[in-house]
2 protein chains.
Amino acid sequence: MSLREKKKIETKNRIFEVSGRLVKEKGFENTTVDEITTEAGIAKGTFFNYFPTKEALLLYFVEQKDELIYNLIENETKRSIPTKEKIKNLLVRLAESYEKDKELTKLLIFEYRRYIGYSGLKPGEDKSRSHRLNKILHDLLEVGVEKREVKSHIEVKKAAEILTAVYFHSLIVWLKSESCFSFSMDISGKIDLLFEGIGD
Amino acid sequence: MSLREKKKIETKNRIFEVSGRLVKEKGFENTTVDEITTEAGIAKGTFFNYFPTKEALLLYFVEQKDELIYNLIENETKRSIPTKEKIKNLLVRLAESYEKDKELTKLLIFEYRRYIGYSGLKPGEDKSRSHRLNKILHDLLEVGVEKREVKSHIEVKKAAEILTAVYFHSLIVWLKSESCFSFSMDISGKIDLLFEGIGD
DNA sequence: CTTTAAATATGACTATGGTCATGTATGACT
DNA sequence: AGTCATACATGACCATAGTCATATTTAAAG
């Protein structure tokens, strides 16, 4: 690895490290790019050589954290248990990992939404977090149909979207609520309801 | 009405009118407060006497539009038809009203999310759009339980949240998609699925 | 070791949302 | 009508995200 590459990585890491500390201390909005660059010992412009906008930094944080979580969870989907249990386990594990630090989750999720809601529009590709979960759920449901654990005539695409929708909406509701009900319990109950159906 | 009040209303209307025009022409981000105030013939500071932030203006737009839509729809919920049909009609009507101008909807929804995702956190009260729909659906479901059209043992709260979640998520997916599938058809199918259940 | 071109760093500069001390119009009270 | 407190308007000013022409560093070629 050339000196250049080494320096590049080092600089990016320093930005990441410094900004992580500052954001945890004072929140994202209250942390200025000036502060980050000063603290990191680089010029302001340099920051924008590494992250196109201040919010891209946040995106990077979220991506890093998601990567960790999804890796931990991937194994879960490989066990041979009923489809419904698999989906429930997956979403409950996800929920639990967010429950570990509600404040941090709040920070990351809301800022992320803010950013993605906007710039996420322009490119044809949607790399949003919901897409990733949606794909996993879609695959699980397809297997479920094959195993006759999921209604064979349902549109798997719609069902996956429903599960994704419920998961993310519940996450937002939980994050916004002052009362500290359990997100994982909530999502677990909702999955039961979704598999059973609402109608009588 | 005093002269003062008249002037106040007139000024607010002028801001609303001018900014509406500019935003439609050039988008929200590309419309500056300076432009709006210049065009409206007022000083910059005056703008902030009427709207605490630039984004509050957008909030105002959305509220105005929502008011119209919900008023149109309210009657729908009063007809004596099965609960499922009522809910379906409600959401399909909502969907149809958004389908009328996808671009405008995109603009309003995404900018709104951006704003609310952030400032919507601070106050205990959540006046978000999803709350309003959630309440309506909750009420409809409760009636449905009484009429034995909805499973009596289900938690109505969870069911309402699920419907709300699916509606808004589908809206976002639709807005983001390039292909022009019908949002109202999509939501209609999903409601069938939700009432039937996913499991076999 | 020089020279050179490309990658990278730099910080003065711009654009814009938002603030605030000050000025001005309004209407209640005498 | 004249006086005064209050609500409202004003625009100079500030903070900060993001840009860009220029300077510097690196790596390769001669």
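A, B, ... follow the sequence lines: proteins, then strands. Residue 1 opens every chain. Values below: all heavy atoms of this structure, side chains included; hydrogens, waters and symmetry mates excluded.
Between the B/Ser19 side chain and the B/Ile36 main chain, no donor and acceptor come within less than 3.5 Å of each other. At distances below 3.5 Å, not a single donor-acceptor pair connects side-chain atoms of A/Lys102 with backbone N or O atoms of A/Cys180. A donor-acceptor contact shorter than 3.5 Å links the side chain of A/Glu149 to the backbone of A/Thr83. A side-chain donor-acceptor contact under 3.5 Å links A/Thr105 to the backbone of A/Asp101. The backbone N or O of A/Phe183 lies less than 3.5 Å from a partner atom in the side chain of A/Glu99, making a donor-acceptor pair.
Mapping B/Lys54 and A/Phe47 onto DNA chain C by nearest heavy atom places A/Phe47 at the nucleotide closer to the 5' end.
Counting all heavy atoms, side chain and backbone alike, B/Lys54 lies closest to B/Thr31 at NZ-O, 2.8 Å.
Of the residues in residues 8-22 of chain B, not one comes within less than 4.0 Å of DNA chain C through any heavy atom.
If you measure from atom CG of A/Asp34 to atom P of D/dC14, you get 16 Å, rounded to the nearest angstrom. When rounded to the nearest whole Å, the span between CD of A/Glu55 and P of D/dT16 equals 15 Å. If you measure from atom CZ of B/Phe28 to atom P of C/dT16, you get 14 Å, rounded to the nearest angstrom. Rounding to whole angstrom units, NZ of residue A/Lys6 and P of C/dT8 are separated by 15 Å. Rounded to an integer number of Å, the gap from CD of B/Glu29 to C1' of D/dG18 is 13 Å. In this structure, B/Ile42 atom CD1 and D/dT10 atom P are separated by 7 Å, rounded to whole Å. Rounded to whole Å, atom C1' of C/dG17 lies 13 Å from atom CD of B/Glu35.
Between A/Tyr50 and C/dA9, a side-chain N or O to OP1/OP2 separation shorter than 4.0 Å is present. Under 4.0 angstrom from either OP1 or OP2 of C/dT16 there lies no side-chain N or O belonging to B/Thr32.
A side-chain N or O of A/Ser170 and one of A/Lys190 form a donor-acceptor pair less than 3.5 Å apart.
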Scoring nucleotides 19-30 of chain C by protein non-hydrogen atoms under 4.0 Å (B base, S sugar-phosphate only, - none) yields B-----BBS---
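When both pairing distances are held under 3.5 Å, C/dT26 makes a Watson-Crick or G-U pair with D/dA5.
Between the CG atom in A/Leu59 and the CD atom in A/Gln64 there is a gap of 10.5 Å [rounded to 0.5 Å].
Salt-bridge check for B/Glu17 with B/Arg21: failed, with every basic side-chain N at 4.0 Å or more from each acidic carboxylate O.
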